[in-house]
Amino acid sequence: MPFTLATWNINSVRLRAPLVARLMEEQAPDILCLQECKCPVEKLPLEVFAPLGYTHVVARGQKGYNGVAILSKLPLEDAGSVDFAGLGQARHVAARLENGVLLHNFYVPAGGDVPDRAANEKFGQKLDFLTEMRDAFRASRPERSILVGDLNIAPGEDDVWSHKQLLKIVSHTPVEVDHLAAAQEAGGWVDVTRAHIPEGKLYSWWSYRARDWDAADKGRRLDHVWATPDIAGAAGDSRILRPVRGWDQPSDHVPVLARFDL
DNA sequence: ATGGTTGGCCCCCAA
């Protein structure tokens with residue numbers, strides 16, 4: 001059963017429901033994982049998505065902030081959510097596909113502006129969230145699993161526009177990169193996007209605060225598709241849809257896609 | 001070193 005998968009931080013799914021519909025029409029991924037829906041589950045605009053074939057939904061939400069949703073053409077079973085770091089925020093949800101694959105949709109905390117847990121509580125929460133992800137994968141090594149989402153960390157030198165200039169910027173500090181690597185290694189997760197596109201700069205996010213995001217091109221790869229080694233070989237056709245950043249009233253993130261031949 | 005933009009919501013917080 002081959003299927004295509006997309007992950008996209010939508011930054012308000014109600015405001016950008018037309019953009020989600022456009023992606024569904026133009027790319028038709030079988031499964032679309034959204035982050036930063038910014039609304040309770042009962043306010044998701046599902047009436048926009050259902051006519052396009054996305055009738056299966058597994059989601060967690062809250063008013064105003066965070067929120068994760070899996071919209072699917074394929075049947076899904078809710079596989080629960082974990083409150084990593086005890087924040088009480090809607091940042092994770094999992095779903096089981098009919099072929100047994102377990103799909104995790106994550107929205108890792110951004111972590112505030114100051115990369116110091118003594119001075120900035122949010123940074124500590126981000127590190128704790130990643131540590132608890134690591135511990136969960138250690139306690140129960142995932143199999144036949146896919147993990148996607150806005151992990152809010154650009155791990156590699158070619159995942160940012162300037163490695164040197166971002167070393168002290170939250171999302172690319174060594175301590176964050178180490179914490180993400182520990183979570184990745186604990187699960188044995190393969191970075192599917194980088195496995196397929198090993199060379200060159202690769203970004204999925206460009207700040208709203210640039211005069212010309214395209215010309216300046218000061219991007220970061222914050223959005224990821226991972227898979228466990230037993231199914232990573234079935235993944236192919238990874239793509240990051242840069243042109244979506246140029247759509248009207250865009251999210252600051254663009255969709256990241258992959259196909260799985262399972 | 002600083003400022004720049006966006007979204008949600010109760011006039012400020014988070015990103």
Side-chain angles (χ1 to χ4, degrees), chain A residues 7-23 33-45 48 59-69 83-92 105-117 119-130 148-155 159-162 164-173 175-177 179-180 203-224 242 244-256:
Chain A
T7 178
W8 193 11
N9 178 318
I10 193 62
N11 188 16
S12 176
V13 70
R14 286 185 290 176
L15 186 71
R16 285 187 242 285
L19 274 69
V20 174
R22 179 173 171 187
L23 183 82
C33 297
L34 300 175
Q35 304 86 34
E36 276 208 270
C37 297
K38 292 190 171 179
C39 67
V41 171
E42 61 269 22
K43 292 198 173 174
L44 290 170
V48 178
R60 297 292 185 275
Q62 63 184 93
K63 188 180 174 186
Y65 301 97
N66 310 311
V68 286
D83 182 17
F84 294 95
L87 302 176
Q89 301 173 343
R91 295 182 174 275
H92 169 257
N105 183 14
F106 273 95
Y107 176 48
V108 171
D113 288 333
V114 181
D116 171 3
R117 73 185 308 154
N120 169 21
E121 184 186 29
K122 288 196 191 69
F123 193 73
Q125 291 171 346
K126 181 178 196 175
L127 298 181
D128 292 345
F129 191 101
L130 292 160
V148 305
D150 177 5
L151 305 185
N152 263 315
I153 294 172
D159 296 331
V160 291
W161 64 276
S162 169
K164 221 174 167 179
Q165 286 181 255
L166 290 176
L167 274 170
K168 292 181 177 173
I169 302 298
V170 172
S171 75
H172 192 61
T173 64
V175 64
E176 289 169 87
V177 172
H179 276 66
L180 185 67
Y203 313 138
S204 65
W205 173 90
W206 294 260
S207 172
Y208 284 127
R209 303 177 193 177
R211 283 180 194 86
D212 186 339
W213 71 272
D214 196 21
D217 200 22
K218 293 184 174 180
R220 307 177 200 170
R221 188 170 71 102
L222 305 178
D223 303 275
H224 300 266
R242 179 184 176 111
V244 172
R245 186 63 177 75
W247 289 1
D248 282 342
Q249 282 195 55
S251 168
D252 43 355
H253 297 251
V254 300
V256 179

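The chains referred to below are lettered A, B, ... by the order of the sequence lines, with proteins before strands, and numbering in each begins at 1. Remember, it's a predicted structure, so these values are computed and weren't measured experimentally.
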Whole angstrom value for the distance that separates [atom2] of [N] from [atom1] of [X]:
X       : N       : atom1 : atom2 : result
Q35(A)  : dG8(B)  : CD    : C1'   : 18 Å
L19(A)  : dG7(B)  : CG    : P     : 11 Å
D113(A) : dA14(B) : CG    : P     : 11 Å
E176(A) : dA15(B) : CD    : C1'   : 14 Å
Q165(A) : dA1(B)  : CD    : P     : 13 Å
I10(A)  : dG8(B)  : CD1   : C1'   : 15 Å
N9(A)   : dG7(B)  : CG    : P     : 12 Å
Q62(A)  : dG8(B)  : CD    : P     : 14 Å

- Task: Report the nucleotide, chosen from dA14(B), dG8(B), dT6(B), that has the shortest atom-to-atom distance to any side-chain atom of Y208(A).
- Result: dT6(B)
- Query: Counting side-chain heavy atoms from C-beta on, which of dC10(B), dG7(B), dT5(B) comes nearest to K63(A)?
  - Reply: dC10(B)
- Please work out if R91(A) contacts a base, only the sugar-phosphate, or nothing of the nucleic acid, heavy-atom cut-off 4.0 Å. sugar-phosphate
- Look only at the side chain of H92(A) and the backbone of Q89(A), and say whether a donor-acceptor pair between them is shorter than 3.5 Å. no
- Examine distances only and state if a side-chain atom of Q62(A) and a backbone atom of A90(A) form a donor-acceptor pair shorter than 3.5 Å. yes
- Note on the structure: Ranking Y65(A) and Q249(A) by the position along DNA chain B of their nearest nucleotide, the one closer to 5' is Q249(A)
- By nearest-heavy-atom nucleotide on DNA chain B, the more 5' of G111(A) and R211(A) is R211(A)
- Are there more than 12 heavy atoms of other residues, nucleotides or ligands under 6.0 Å from atom CG of D113(A)? no
- Item | Residue D212(A) excluded, over 12 heavy atoms near CG under 6.0 Å | yes
Would you measure the distance from the [atom1] atom in [N] across to the matching atom in [M] and give it in whole Å?
N      : M       : atom1 : answer
dC9(B) : dA14(B) : P     : 14 Å
dG4(B) : dG8(B)  : P     : 22 Å
dA1(B) : dC12(B) : P     : 29 Å
dG7(B) : dG3(B)  : P     : 22 Å
dT6(B) : dT2(B)  : P     : 23 Å

- Task: Could you tell me how the ring of F129(A) sits relative to the ring of F84(A): parallel (under 30°), tilted (30 to 60°) or perpendicular (over 60°)?
- Result: tilted
- Taking only side-chain nitrogens and oxygens of R220(A), does any of them come within less than 4.0 Å of OP1 or OP2 of dA15(B)? no
